[in-house]
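Just below is one structure, and these are the notes that go with it.
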Amino acid sequence: MTYRVSFVCTGNICRSPMAESVFRARVAEAGLDGLVEVDSAGTDGWHEGDGADPRAVAVLEEHGYGTDHVARRFHASWFARLDLVIALDSGHRKILRRLAPTEQDAEKVHLLRSYDPDAPADLDVPDPYYGGLDGFEECLEMVEAASTGLLAAVREEVEGQAV
């Protein structure tokens with residue numbers, strides 16, 4: 001059975017596609033390709049159909065990550081097929097939990113940085129959109145740091161399903 005993870009930010013052109021690319025690479029490195037499906041979306045549809053922000057693409061490519069991406073908006077109906085919904089900041093988490101059709105669906109929503117044991121008390125990944133390239137580099141560092149813990153949690157779930 002496939003385990004499905006979706007990363008969600010505001011417009012699905014900066015943070016969530018970066019998280020999707022990094023986590024997809026981690027899943028592949030772990031040999032979980034056929035067992036874990038990774039995607040991303042935005043809480044709003046402003047950029048639907050657009051590619052990722054060119055700065056996000058540049059940073060991802062510089063660090064060896066794939067960047068094939070088309071922005072889309074998250075829909076409440078998706079909760080039924082998803083196992084884990086990863087919010088990039090607390091505002092996204094609040095929106096997603098309100099969208100969740102059931103309490104069980106709301107419990108699928110977690111902050112990305114909650115999987116980073118070294119993260120500070122503020123678990124938000126700041127939106128790099130209005131800044132320079134350094135904000136995208138910082139975003140990537142936060143995403144990479146959290147991806148290790150997230151992969152461990154997902155691997156535990158996948159191995160639990162296989163039993």
Side-chain angles (χ1 to χ4, degrees), residues 2-28 33 36-102 105-116 119-120 122-151 154:
T2 304
Y3 190 88
R4 293 176 174 84
V5 180
S6 187
F7 294 91
V8 182
C9 68
T10 306
N12 192 218
I13 60 167
C14 297
R15 292 171 284 179
S16 59
M18 291 179 81
E20 176 186 358
S21 293
V22 169
F23 197 64
R24 181 173 284 123
R26 295 293 184 272
V27 165
D33 268 354
V36 179
E37 184 179 290
V38 182
D39 66 23
S40 66
T43 56
D44 292 300
W46 303 316
H47 299 285
E48 271 187 296
D50 295 345
D53 185 289
R55 296 165 295 176
V57 171
V59 168
L60 286 167
E61 287 180 348
E62 179 184 331
H63 293 272
Y65 296 106
T67 57
D68 185 29
H69 178 75
V70 177
R72 61 200 187 133
R73 185 177 193 163
F74 188 91
H75 296 277
S77 62
W78 296 0
F79 276 103
R81 68 171 175 81
L82 293 169
D83 297 290
L84 194 55
V85 180
I86 303 294
L88 276 288
D89 71 29
S90 53
H92 305 132
R93 180 180 61 187
K94 183 185 285 186
I95 290 167
L96 290 163
R97 287 189 171 169
R98 273 198 315 252
L99 272 177
T102 67
D105 288 327
E107 290 172 10
K108 295 177 182 180
V109 181
H110 299 272
L111 285 170
L112 175 63
R113 292 190 77 198
S114 68
Y115 293 94
D116 179 358
D122 178 5
L123 296 178
D124 289 354
V125 175
D127 188 350
Y129 185 77
Y130 296 103
L133 204 56
D134 58 332
F136 287 84
E137 289 283 354
E138 180 184 25
C139 177
L140 181 63
E141 288 173 17
M142 291 178 185
V143 166
E144 287 179 326
S147 289
T148 302
L150 177 58
L151 181 63
V154 168

Which atom pairs, donor and acceptor, lie under 3.5 Å between side-chain atoms of residues 138-151 and protein residues at least two apart or in another chain?
residue	atom	partner	partner atom	Å
E144	OE2	Y65	OH	2.5
S147	OG	V143	O	2.8

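- By the 4.5 Å heavy-atom criterion applied to side chains, V5 and D83 are not counted as neighbours.
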Q. Between N12 and R73, does a side chain to side chain contact (heavy atoms under 4.5 Å, CB included) hold up when you go through it step by step?
A. CA-CA 7 Å; N12 192 218; R73 185 177 193 163; over 6 Å; no
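- Between the side chains of D44 and T10, no donor N or O sits under 3.5 Å from an acceptor N or O.
- Between D127 and D89, the closest side-chain pair of non-hydrogen atoms is not below 4.5 Å.
- At least one side-chain heavy atom of F7 sits under 4.5 Å from a side-chain heavy atom of V38.
- With contacts defined as side-chain heavy-atom distances shorter than 4.5 Å, the pair S40/H69 qualifies.
- Side chains of F79 and T102 form no contact here, defined as non-hydrogen atoms less than 4.5 Å apart.
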**Q.** Derivation and outcome, side chain to side chain contact (heavy atoms under 4.5 Å, CB included), residues V154 and F23
**A.** CA-CA 11 Å; V154 168; F23 197 64; 4.0 Å; yes
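- Between L88 and R15, the shortest heavy-atom contact is CG-CB, 3.8 Å.
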Q.
Show, in sequence, the C-alpha distance, side-chain angles and deciding distance for F74 and I95, and conclude whether the side chain to side chain contact (heavy atoms under 4.5 Å, CB included) test is met.
A. CA-CA 11 Å; F74 188 91; I95 290 167; over 6 Å; no
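- Considering all non-hydrogen atoms of both residues, H92 and A87 come closest at CB-CB, 3.8 Å.
- Judged as a side chain to side chain donor-acceptor pair (under 3.5 Å), and not counting sequence neighbours, H110 has no contacts.
- Applying the 6.0 Å contact sphere to CG of D68 captures no more than 12 heavy atoms from other residues, nucleotides or ligands.
- When side chains are defined from C-beta on, R113 counts as touching P120, because their heavy atoms get closer than 4.5 Å.
- What you find for A41 and S6 is that their closest heavy atoms are N-OG, 4.4 Å.
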Q | Y129/R55 under side chain to side chain contact (heavy atoms under 4.5 Å, CB included): CA gap, chis, key distance, verdict | A | CA-CA 9 Å; Y129 185 77; R55 296 165 295 176; 3.8 Å; yes
